[in-house]
Amino acid sequence: SGLVGSEMCIRDSGYTIQIYLGDKREEAENTVEKLFEYDSLIKSNTIFTQPNYRVKTGTFEDSFKANFQFKKLKKAFPNAIKIPEKIKIN
């Protein structure tokens, strides 16, 4: 995978960490706030796919990098899971 000009590339394989999955919007919002309090530099992405909200963080090119962040987040977010996902890289 490489760059074409300044465009982002989409990779077929990568990882993200899901820290919330549930049907309560308020809990999803609280999870985002908790993540910000945990580390204000970590960005999150909230996705609503009826009937569930998912809060995800991070885009990792390989499992090793994802595992490093996952182990740290798992302490604060016990329901966190590492999931394979198509990712954008720049």
Side-chain angles (χ1 to χ4, degrees):
S1 67
L3 292 178
V4 178
S6 61
E7 296 177 15
M8 295 181 99
C9 293
I10 297 176
R11 288 179 54 126
D12 286 337
S13 60
Y15 295 89
T16 190
I17 300 167
Q18 181 175 282
I19 57 173
Y20 176 79
L21 170 63
D23 61 358
K24 299 197 174 17
R25 180 179 177 181
E26 187 174 339
E27 284 186 33
E29 291 170 349
N30 289 342
T31 300
V32 170
E33 288 178 25
K34 183 178 175 183
L35 180 65
F36 183 80
E37 290 169 5
Y38 175 80
D39 185 339
S40 62
L41 298 177
I42 299 176
K43 295 181 180 174
S44 66
N45 186 18
T46 303
I47 300 130
F48 178 68
T49 308
Q50 210 166 12
N52 290 316
Y53 291 89
R54 298 171 192 271
V55 179
K56 297 179 182 179
T57 184
T59 53
F60 305 95
E61 293 180 48
D62 62 54
S63 185
F64 180 79
K65 291 176 183 174
N67 278 338
F68 180 77
Q69 185 69 19
F70 172 71
K71 287 178 183 175
K72 292 195 317 187
L73 288 172
K74 187 76 172 169
K75 293 173 187 168
F77 302 92
N79 293 327
I81 58 171
K82 181 181 75 171
I83 54 175
E85 187 167 276
K86 289 184 180 181
I87 62 168
K88 293 179 183 175
I89 58 171
N90 55 2

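None of these values were measured; they are calculated from a predicted model. FYI, side chains are in, hydrogens and waters are out, and symmetry mates aren't considered; it's all heavy atoms of this structure.
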(request) State, yes or no, whether a side-chain contact exists between Thr46 and Tyr20 at a heavy-atom distance under 4.5 Å. (result) no
Notebook entry, point to check: Side chains of Asp39 and Leu73: does their closest heavy-atom pair fall under 4.5 Å?
Noted result: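 Asp39 does not reach Leu73 side chain to side chain.
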**OP:** Return yes if some donor-acceptor pair links the side-chain N/O of Ser44 with the main-chain N/O of Lys56 below 3.5 Å, else return no.
**Re:**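 Answer holds: no.
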Check: Sub-3.5 Å donor-acceptor pair from the side chain of Lys34 to the main-chain atoms of Ala76, do we have one?
Finding: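 Side chain of Lys34 to backbone of Ala76, a donor-acceptor pair under 3.5 Å: yes, one is there.
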Heavy-atom closest pair, residues [X] and [Y]:
{"X": "Gln69", "Y": "Phe60", "answer": "CB-CZ, 3.6 Å"}
{"X": "Ala80", "Y": "Ile17", "answer": "CB-CG2, 4.2 Å"}
{"X": "Thr16", "Y": "Thr57", "answer": "OG1-O, 3.1 Å"}
{"X": "Asn67", "Y": "Lys82", "answer": "OD1-NZ, 2.9 Å"}

Sequence neighbours excluded, the answer for ring pair (Phe, Tyr, Trp, His ring centres under 6.0 Å) partners of Phe48 is Tyr53
Should the pair Lys65 and Tyr15 be classed as cation-pi, given the thresholds of under 6.0 Å to the six-membered ring centre and 45° from the axis?
->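 No; the conditions do not both hold, so Lys65 does not lie above the ring face of Tyr15.
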The reported gap from NZ in Lys24 to OG1 in Thr31 (rounded to nearest 0.5 angstrom) is 12.5 Å
Interatomic distance, NZ@Lys72 vs CZ@Phe77, rounded to 0.5 Å, equals 12.5 Å
